[in-house]
Amino acid sequence: METHRLRLGLLALTQLIVALDYNIVYVALPGIGTALGFGPSSVQWVVSAYSVGLGGLLLFGGRAVDRLGARRMFMTGLALYGAASLAGGLASDAGTLVAARAVQGAGGALLTPATLTLIYRGFAEGPARNKALGAWGMAGSAGLAAGSLLGGVLTNYLGWEWVFFVNVPLALGCALAAPRLLPADPARAPGSFDVPGAVLATAGSALLVFGLASGPDAGWASLRAAGSLAAGAVLLAALLAVEARTRDPLIPLRLARGRGLATTMIVIAVFQGTLGGGYYILTSYLQPVLGYSSLEAGLTFLPLTLVCMLAALKATPVLLGRWGIRTTLAVSTIGTGAGIAAMVAGTTAGGGFWTLLPGSVVWGLFGGVAFVTLFASAGAGVPPEQQGVTSGMAGSAKEIGGAIGLAAFVAIAGGPDDLLHGLHAAGWVAAAATAAGGLIALALKPSRPGIGDREPVSLEGAVK
């Protein structure tokens, strides 16, 4: 029992590291731009390079977990993450930092499916897995909160380099603990690795994310944005054709066509897209409109994040045990839309922390439940040997949905001449889209409370 707790603690800490890095860099962007000579528009690539590396390699990473072993890929991902963080902190020019961030994303593309697979395989489907995913989701929320605050403190007192250096001891500590706490990988699965599928999936996904990230900077009609999007779509279409003819495909099409996973991926993409849009709207309101400092803005996010942490850890396992996946996901996603709407209603010209508080609490409560339930749904009923690719597919939907959503909401917010009106327009669209995602979740098959929408799998090493 103690080993299971320590193992879950390690996996949760790893999720905290990944989430920490998502927010911590935003606060340091002005200092990074000045120090390394980025232009006003090119500094976004400190963020976008990570997204390209992560989104482009998630499908490959998921299959590598299935073929080469979850513990092995977990440690490899941590090594890449730590080494790239060190290189980023030592970078003396823009190109080196962008390259380091891309490698950091590659590490995350191995680490994310490995972490989820270790949870799926190590905790039996039902209450044990729900509790484990709740702890994993709480750690992610804690990382987002810590990123906003820690980024401001480190940048102000030690310099922008430390938003990268802070990852190094954390990644090293987790990598050293992994051999003692994580179960040894089983014998490698028979069959060859689908190299053509891996190349097409990586290139297609990377080009798609690259095109979405390039649109706001280069223009949507530019060759860089439109050309990358078109090329990415063609390669992903070719991937489906290749996979249909491959004996041992990177993406088992039977799995991708399954009603449960396909529906879950759509809801994940919608949820992550509106989540990124909501964060963008709130940040743009607090800083450009109200003139808050980075630290003040980070503190304003605290109620949202703390409620999200508590909901993920405490409320989600209870609701899944009582309602099952379909009802919990539909109710929590629609509730998240209501929370975003309440938050938008509080973004008035004379508003601030207190006008945003009611929406932040509602958003955090339902959003924390929805996020964990999405990944409980993604792993429900999937055989152990396919948990890695399932995690990679769910992660890819999350990253691509987030990139599409952020690009869309930036465009909507930038339409009206008045910034606040633009933010309101984007906010109402985000709230409506999130609620629509909850209605889509009703397409899942009804499930027995506490289990899932597919047949449960008996797993070894389950927490009793």
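Numbering starts at 1 and runs along the sequence shown.
Residues Phe74 and Thr115 are in side-chain contact: their nearest non-hydrogen atoms beyond the backbone lie under 4.5 Å apart. Leu200 is listed as a side-chain neighbour of Val242, based on a closest heavy-atom distance under 4.5 Å. Proximity of Thr112 to Ser391: side-chain heavy atoms (C-beta onward) are nowhere separated by under 4.5 Å. Residues Phe371 and Ile268 form no side-chain contact, since every pair of their non-hydrogen atoms from C-beta on lies 4.5 Å or further apart. Counting heavy atoms from C-beta outward, Gln104 and Ser85 have side chains that approach closer than 4.5 Å. Side-chain contact between Leu182 and Leu10: present, with at least one pair of heavy atoms (C-beta onward) separated by less than 4.5 Å. Using a 4.5 Å heavy-atom cutoff, the side chains of Leu57 and Leu110 are not in contact. Annotation: side chain of Met265 is not in contact with side chain of Ser396 (no heavy-atom distance under 4.5 Å).
The closest donor-acceptor contact from the side chain of Thr316 to the backbone of Ala311 lies under 3.5 Å. The closest donor-acceptor contact from the side chain of Thr328 to the backbone of Ile325 lies at 3.5 Å or more, if one exists at all. Using modelled atom types, one side-chain atom of Asp185 and one backbone atom of Ala70 make a donor-acceptor pair closer than 3.5 Å. Side-chain N or O atoms of Ser332 include one that pairs as donor or acceptor with a backbone N or O of Leu329 at under 3.5 Å. Using a distance-only test at 3.5 Å, with no hydrogens or angles considered, no donor-acceptor pair links the side chain of Arg63 to the main chain of Gly388. Arg245 places a side-chain N or O within 3.5 Å of a backbone atom of Ala241 that can act as its donor or acceptor partner. With Thr336 contributing its side chain and Gly367 its backbone, the two residues share a donor-acceptor pair below 3.5 Å.
Electrostatic pairing of Arg72 and Asp66 does not count as a salt bridge here, judged by no charged N lying under 4.0 Å from a carboxylate O.
Atom CG of Leu8 is separated from atom NZ of Lys131 by 11.5 Å, given to the nearest 0.5 angstrom. Here the straight-line distance linking atom CG of Leu97 with atom CG of Leu90 works out to 11.0 Å at 0.5 Å rounding. A distance of 5.0 Å separates CG of Leu236 from OG of Ser205, quoted to the nearest 0.5 Å. Taking CG from Leu319 and OG1 from Thr327, the interatomic distance works out to 10.5 Å, rounded to the nearest 0.5 Å. Here the straight-line distance linking atom CZ of Phe409 with atom CG of Leu423 works out to 12.0 Å at 0.5 Å rounding. Rounding to the nearest 0.5 Å gives a distance of 10.0 Å between CZ of Arg71 and CG of Leu181.
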Passes side-chain contact (heavy atoms from CB on, under 4.5 Å), Trp363 versus Leu275? Steps please. CA-CA 10 Å; Trp363 183 6; Leu275 176 70; 3.9 Å; yes
Hey, mind stepping through Phe164 and Arg101 against side-chain contact (heavy atoms from CB on, under 4.5 Å) and telling me if it holds? CA-CA 10 Å; Phe164 300 105; Arg101 288 288 285 165; 3.7 Å; yes
Go through it in stages, so that I can follow the logic: the residues are Trp220 and Leu229, the test is side-chain contact (heavy atoms from CB on, under 4.5 Å), and I'd like the CA-CA distance, side-chain angles, deciding distance and then a yes or no. CA-CA 10 Å; Trp220 291 106; Leu229 288 171; 4.2 Å; yes
Where do Leu133 and Ile119 land on the side-chain contact (heavy atoms from CB on, under 4.5 Å) test, with the steps shown first? CA-CA 7 Å; Leu133 285 170; Ile119 290 176; 4.0 Å; yes
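For the side-chain hydrogen bond (donor to acceptor under 3.5 Å, both in side chains) test, no residue two or more places apart in sequence or in another chain qualifies with Thr246. Applying the side-chain hydrogen bond (donor to acceptor under 3.5 Å, both in side chains) rule to Gln272 yields no partners; only residues at least two apart in sequence or on another chain are considered. Every residue was checked against the side-chain hydrogen bond (donor to acceptor under 3.5 Å, both in side chains) condition with Thr373, not counting sequence neighbours, and none meets it.
Across all non-hydrogen atoms, the minimal contact from Phe375 to Ala394 is CE2-CB, 4.1 Å. Taking both residues in full, the closest heavy atoms of Ile334 and Ala435 are given as CG1-O, 3.7 Å, listed atom of the first, atom of the second, then distance. Taking each heavy atom of Leu261 and Ala378 in turn, the nearest pair found is CD1-O, 4.0 Å. Contact record, Gly437 with Val270: CA-CG1, 4.2 Å, taken as the closest heavy-atom pair. Residues Gly392 and Pro113 approach most closely at N-CB, 4.1 Å, considering heavy atoms. Across all non-hydrogen atoms, the minimal contact from Val98 to Ala49 is O-CB, 3.5 Å.
Summarising the local packing, CG of Leu176 is surrounded by more than 12 heavy atoms from other residues, nucleotides or ligands at distances under 6.0 Å.
Applying the side-chain contact (heavy atoms from CB on, under 4.5 Å) test between Cys174 and each of Leu16, Leu78, Leu11 identifies Leu78 as the sole match.
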